[in-house]
Chemist: 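The structure that follows is given in the form of structure tokens.
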Amino acid sequence: VVQTWPLEDLDYGDIVQFESVFWEPDDTISLRKLIVEDSIASGRDVLEIGTGTGLISILCLQGSAASVIATDINPAAVANAKYNAALLVPDRTLEVRQVSTASPQAYAVVADSERFDLIISNPPWEDGTVTKPADHAFYDPGFELLTSLLDGLRQHMRPGGRCLLAYGHVPAIVKLRDECEKRGFEFKILDERTLESLPRDFLPGMLVEVRPPLNATRSALTPKSSESPKRSESDSQNRSDSQNADSNELKSKVEGQEG
């Protein structure tokens, strides 16, 4: 244990921080406000990617979430989140899953069939090299976590669901915006501040909502019929035959009149 932190957001008790586990509560002030004051997790199935101490997931459980799954790549963070949940929400279940360094993608420990109403994260913000477990909170090598998070939204976020990401680093938000534009995703900053008005690193963090197009979300859940192209080809052939018959009939009438 490195330190304990009191927070007004908690119903009771303090957050315990283990060694090598990231802690910067100012990164997620606006996200916590939505959870605590606006009850965005109430009755919903929640996925938190990169839980750290477990604070955000615990607030979701306090806010009457239907279920919460939290993931982290740092073994100390997995243990830390489980410890805090046992202390602060003993009557609820927080399922914490360990992500392997060999498969660090956002949904690596999420089943293909699992879908959520709310996907949240305070992700690492730089493309850098990880040399120790604590580095995972800061570095996303090749932005693999970010790109896999976006690429999996169609499959893992239910129609009408929300994905909220908290950042305190301008280049990371610009990168997120660019990746959303590539995919045709909606990108919305939930903050009165503008990126142009902020320094490179800033606090409190900025909350961003991303959303795939609604029709894309539905199409990802609807199996495509392999028969449709065959029916279309058959229909086209029938129309062509009918047009040819009409043309021949007209030609015969014209020739009869000329004779």
Side-chain angles (χ1 to χ4, degrees), residues 1-25 27-101 103-124 133-134 136-137 145 149 152 156-158 161-166 205 207:
V1 174
V2 174
Q3 194 167 347
T4 58
W5 302 91
L7 280 175
E8 292 182 0
D9 294 332
L10 294 168
D11 287 346
Y12 64 90
D14 299 335
I15 282 286
V16 175
Q17 179 193 4
F18 285 9
E19 186 176 356
S20 86
V21 177
F22 178 73
W23 175 257
E24 180 43 83
D27 258 353
T28 58
I29 287 177
S30 52
L31 175 57
R32 300 201 316 267
K33 182 177 180 180
L34 288 179
I35 294 170
V36 175
E37 297 182 12
D38 294 352
S39 303
I40 63 168
S42 179
R44 293 174 170 85
D45 295 316
V46 181
L47 171 66
E48 184 187 13
I49 299 169
T51 190
T53 61
L55 170 62
I56 300 299
S57 287
I58 287 167
L59 292 179
C60 287
L61 288 173
Q62 284 186 176
S64 302
S67 69
V68 181
I69 293 173
T71 71
D72 210 286
I73 199 168
N74 183 351
V78 172
N80 200 169
K82 290 179 178 179
Y83 181 88
N84 281 321
L87 288 178
L88 300 174
V89 280
D91 57 334
R92 298 297 310 275
T93 298
L94 174 60
E95 184 178 349
V96 189
R97 299 179 183 177
Q98 173 72 55
V99 177
S100 167
T101 55
S103 248
Q105 298 84 11
Y107 306 100
V109 292
V110 176
D112 290 345
S113 60
E114 288 184 299
R115 293 179 175 82
F116 305 90
D117 306 296
L118 181 61
I119 296 175
I120 51 181
S121 185
N122 177 204
H136 287 290
L145 179 68
L149 192 157
H156 294 290
M157 189 169 76
R158 291 186 179 123
R162 304 186 72 181
C163 176
L164 301 172
L165 308 176
L207 192 62

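All values below come from the heavy atoms of this structure, side chains included, with hydrogens, waters and symmetry mates left out. All of these numbers come straight from a predicted model, not from anything done at the bench.
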Chemist: Do Leu59 and Leu7 have side chains that approach each other closer than 4.5 Å (heavy atoms only, starting at C-beta)?
Modeler: no
Chemist: Quick one: CG on Leu55 to CD on Gln62, what's the gap to the nearest 0.5 Å?
Modeler: 9.0 Å
Chemist: Considering non-hydrogen atoms only, spot the tightest contact between Val99 and Pro104 and give its length.
Modeler: CG1-CA, 3.9 Å
Chemist: Specify the closest pair of heavy atoms between Leu145 and Ala106, including all atoms of both residues, with the distance to one decimal.
Modeler: CD1-CA, 3.6 Å
Chemist: CD1/Ile40 to CG/Leu34 distance, rounded to the nearest 0.5 angstrom?
Modeler: 5.0 Å
Chemist: Nearest 0.5 Å, what's the OG1-CG distance between Thr51 and Asn74?
Modeler: 11.5 Å
Chemist: Looking only at heavy atoms, what is the nearest atom pair of Leu207 and Ser30, with distance?
Modeler: CB-OG, 3.4 Å
Chemist: If I take atom OG from residue Ser57 and atom CD from residue Glu95, how far apart are they, to the nearest 0.5 angstrom?
Modeler: 11.0 Å
Chemist: Is there side-chain contact between Ile15 and Leu88, with heavy atoms separated by less than 4.5 Å?
Modeler: yes
Chemist: Could you please spell out the steps behind the side-chain contact (heavy atoms from CB on, under 4.5 Å) verdict for Trp23 and Val2?
Modeler: CA-CA 10 Å; Trp23 175 257; Val2 174; over 6 Å; no
Chemist: Would you say Arg44's side chain and Cys60's backbone share a donor-acceptor pair under 3.5 angstrom?
Modeler: no
Chemist: Apply side-chain hydrogen bond (donor to acceptor under 3.5 Å, both in side chains) to Glu114 and list each qualifying residue two or more places apart in sequence or on a separate chain.
Modeler: Arg97
Chemist: Would you give the length of the straight line joining atom CE of Met157 to atom CG of Leu118, rounded to the nearest 0.5 angstrom?
Modeler: 9.5 Å
Chemist: List the steps and the verdict of side-chain contact (heavy atoms from CB on, under 4.5 Å) for Thr28 and Ile56.
Modeler: CA-CA 8 Å; Thr28 58; Ile56 300 299; 3.8 Å; yes
Chemist: So, using side-chain hydrogen bond (donor to acceptor under 3.5 Å, both in side chains) as the criterion, who are the partners of Asp9 when residues are at least two apart?
Modeler: Arg32
Chemist: Looking only at heavy atoms, what is the nearest atom pair of Gln98 and Ile73, with distance?
Modeler: NE2-O, 3.0 Å
Chemist: Looking at side-chain heavy atoms only, is the closest gap between Val1 and Tyr83 below 4.5 Å?
Modeler: no
Chemist: Which distance, rounded to the nearest 0.5 Å, do you find between the CD1 of Ile120 and the CD1 of Ile35?
Modeler: 4.5 Å
Chemist: Looking only at heavy atoms, which two atoms of Leu94 and Ala70 are closest? And how far apart?
Modeler: CD1-CB, 4.0 Å
Chemist: Is the side chain of Glu48 donor-acceptor paired with the backbone N or O of Ile119 at a distance under 3.5 Å, no angle test?
Modeler: no
Chemist: Does any non-hydrogen side-chain atom of Asp27 lie less than 4.5 Å from one of Phe22?
Modeler: yes
Chemist: Check whether any side-chain heavy atom of Asp72 lies under 4.5 Å from a side-chain heavy atom of Asn80, and answer yes or no.
Modeler: no
Chemist: Is the shortest side-chain heavy-atom distance between Arg115 and Asp45 below 4.5 Å?
Modeler: no
Chemist: Tell me, do Tyr107 and Ile49 make a side-chain contact under 4.5 Å, heavy atoms counted?
Modeler: yes
Chemist: Determine whether Ile58 and Leu10 make a side-chain contact, defined as any pair of heavy atoms from C-beta on separated by less than 4.5 Å.
Modeler: yes
Chemist: Looking at every non-hydrogen atom in both residues, tell me the closest pair between Ala41 and Val46 and how far apart they are.
Modeler: CB-CG2, 4.1 Å
